[in-house]
**Q** 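Mind having a look at this structure? Questions to follow.
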Amino acid sequence: MDKADISWMLVSTLLVLMMAAPGLALFYGGMVRSKNVLSVMLQVLCTFALGVVLWFVYGYSLAFTEGNAFFGGLSRAFFSGMFNSADGTYAMSGSLTELLFASFQATFAGLTCALIVGSFAERARFSAVLVFTVIWFTFAYVPIAHMVWFASETAPGLLNARKALDFAGGTVVHINAGIAGLVGAYVIGKRVGYGREAMQPHSLPMTFIGAALLWVGWFGFNGGSALASNEGATLAFFNTMIATAGAILSWLFTEWAIKGKPSMLGAASGAVAGLVGITPAAGFVGPGGALIIGVLAGIVCVWGVNGLKRMLRADDSLDVFGVHGVGGIVGALLTGVFNAKALGGLGAGTGEMMSQLWVQLEGVLLTIVWSGVVAWIAYKVANMLCGIRVPEDQEREGLDVTSHGESAYHS
């Protein structure tokens, strides 16, 4: 046991918790209309909480114990065997207690579930969102986490065996959630009045505060993924800083050139795009590579939330796919490039740029197909059980009042 490692990981777990509530809740809450702000905040909070509980019950065990290439077993269900109350001993995972490692991973599981709700904000029935979350968490998040992150000499996860690189969740978190959100936008359909009525963010200061909290919390997300208070954590820490700074500027100047004015919403979105882009690469690339990844993620995600969104014709309300899906794909692929020692990286994985890039592409494509199929089934089941969309009159009045009996603002 290393007390420095445990201290850093306790802080990192708290930082990732801060990313969900308040960070993501405020970021999403500010971008919807005032009549729906509480509903989206509640969906973020409750899907996060549901993900954490499911992680404790069976998710961690299925993701991080030996089984086959897709799922583990149930030996750690309810965190069994991590703590012995009879003699006060703890099972270890490296220099950490396994309980702390599982706690850190619980925040990832919950946050990934919460990210998805931005795609269908302002029109989904709360009960259906919870049903969807249970199904998607079980059959998409858990197996992809196992495939990417579970290392074992005898039965590693499918993509781990292929030496796919994902330091902190480019495939497991961002592409996974982005694709699930895009499928949801198609299945649930466009908001009433979409394309004909103004649907401007109701509080950009709230969104700015949320983005700032996300950036700070992300140092735990990426830096904590070193799983130790060591040199790797410092590399991931600085890469998280420089990539995000680069993405803020690249998004802003791209938007300025295209639309004639730089916007605060653009800068905040650029920050998230940079954070998403550097996530899979944070501990594998040098600072120069991190800056390039951030700059490119910012530029490509501007296209993701504008040109690509128009091409897809989906009402992805808060651009979950345009930022998390697209940014995650950019980051996952560029990890294979800038991981190369010739470009300042650590040379992890296969060590060869082209072969690593191919493995990264395999991981991206598998995640897209797996998450997309599971999400489609999960939405259909949720619709059969609950009815996934609220009635049109309730949607027009707003979900805060009609679904939850409360209002964020009183005249």
Side-chain angles (χ1 to χ4, degrees), residues 63 68-71 112 140-141 143-180 182 222 225 232 235-236 239 243 273-274 276-301 303-304 308 321-375:
N68 53 47
F70 305 99
F71 283 97
T112 307
Y141 183 82
I144 290 176
H146 182 81
M147 282 188 267
V148 173
W149 283 335
F150 184 70
S152 165
E153 291 185 2
T154 56
L158 179 67
L159 291 170
N160 190 275
R162 297 282 296 148
K163 297 185 178 180
L165 299 177
D166 187 354
F167 190 75
T171 50
V172 179
V173 176
H174 298 292
I175 300 174
N176 209 0
I179 292 297
L182 180 62
N222 288 352
S225 291
L235 177 64
N239 284 346
V276 170
I278 196 57
T279 289
F284 298 127
V285 305
L291 176 59
I292 295 171
I293 290 172
V295 168
L296 292 176
I299 294 170
V300 176
C301 286
W303 170 74
L308 179 60
F321 178 73
V323 175
H324 294 274
V326 172
I329 292 168
V330 169
L333 295 178
L334 292 180
T335 299
V337 175
F338 291 100
N339 165 68
K341 287 190 175 181
L343 296 178
L346 301 186
T350 66
E352 299 292 333
M353 184 190 297
M354 291 311 297
S355 59
Q356 188 64 54
L357 185 58
W358 176 252
V359 171
Q360 296 301 106
L361 179 61
E362 289 179 345
V364 168
L365 295 176
L366 177 60
T367 303
I368 289 172
V369 174
W370 190 293
S371 180
V373 170
V374 172

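All residue numbers refer to positions in the sequence shown, counting from 1. Scope of the values below: all heavy atoms of this structure, side chains included, with no hydrogens, waters or symmetry mates.
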**Q** Run L333 and V337 through side-chain contact (heavy atoms from CB on, under 4.5 Å) and show every step you take.
**A** CA-CA 7 Å; L333 295 178; V337 175; over 6 Å; no
**Q** With distance as the sole test, does N339 use its side chain to make a donor-acceptor pair with the main-chain N or O of G349 at under 3.5 Å?
**A**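 Side chain of N339 to backbone of G349: no pair is present.
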**Q** Is there a side-chain contact between I179 and I175 in this structure, where contact means two heavy atoms from C-beta onward sitting under 4.5 Å apart?
**A** yes
**Q** What's the shortest heavy-atom distance between M353 and A340, and which atoms?
**A**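 Taking M353 first and A340 second, the nearest heavy atoms are CE-CB, 3.9 Å.
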**Q** Hey, are the side chains of F338 and L343 touching, using non-hydrogen atoms and a 4.5 Å cut-off?
**A** yes
**Q** Between H146 and N68, is there a donor-acceptor pair closer than 3.5 Å when you use the side chain of the first and the backbone of the second?
**A**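 Such a contact is found between H146 side chain and N68 backbone.
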**Q** Once you round to the nearest 0.5 Å, how far does CE of M147 lie from CG of N160?
**A**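 Rounded to the nearest 0.5 Å, the CE-CG separation comes to 12.0 Å.
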**Q** What are the two closest heavy atoms between L165 and Q360, and how far apart are they?
**A** N-OE1, 2.7 Å
**Q** Looking at P280 and G277, what are the two nearest heavy atoms and their distance?
**A** CD-O, 3.4 Å
**Q** Is there a side-chain contact between L159 and W149, using heavy atoms and a 4.5 Å cut-off?
**A** no
**Q** Under a plain distance cut-off of 3.5 Å, with no hydrogens placed, do T350 and S355 share a side-chain donor-acceptor pair?
**A**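 T350 and S355 do have a side-chain donor-acceptor pair below 3.5 Å.
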**Q** Restricting to non-hydrogen atoms, name the atom on C301 and the atom on V323 that form the minimum distance, rounded to 0.1 Å.
**A** SG-O, 3.8 Å
**Q** Distance-only, no hydrogens or angles: does the D166 side chain make a donor-acceptor pair with backbone N or O of T171 under 3.5 Å?
**A**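 Yes; at least one donor-acceptor contact below 3.5 Å.
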**Q** Grab the two heavy atoms, one from A243 and one from I278, that are nearest each other, plus how far apart they are.
**A**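 Closest heavy-atom pair between A243 and I278: CB-CB, 3.6 Å.
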**Q** Which pair of heavy atoms, one from P143 and one from W370, lies closest together, and at what distance?
**A**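 That closest heavy-atom pairing would be CG-NE1, 3.6 Å.
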**Q** Give, for atom NE2 of H174 and atom OG1 of T112, the distance between the pair rounded to the nearest 0.5 Å.
**A**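 The NE2 atom of H174 sits 7.5 Å away from the OG1 atom of T112.
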**Q** Find out whether I329 and I368 are in side-chain contact, i.e. whether some heavy atom of one side chain is under 4.5 Å from a heavy atom of the other.
**A**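 Yes, at least one pair of side-chain atoms sits under 4.5 Å.
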**Q** Check whether the side chains of T367 and N176 place a donor and an acceptor atom closer than 3.5 Å, and report yes or no.
**A** no
**Q** Parallel, tilted or perpendicular: which describes the rings of F284 and F167, with under 30° parallel and over 60° perpendicular?
**A**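 Judged by the thresholds at 30° and 60°, the geometry between F284 and F167 is perpendicular.
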**Q** Can you tell me if E352 has over 12 outside heavy atoms packed within less than 6.0 Å of its CD?
**A** no
**Q** Quick check: do L296 and L334 have side-chain heavy atoms less than 4.5 Å from each other?
**A**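 Of all side-chain heavy-atom pairs linking L334 with L296, at least one is under 4.5 Å.
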**Q** Is there a side-chain contact between V326 and F321, using heavy atoms and a 4.5 Å cut-off?
**A** yes
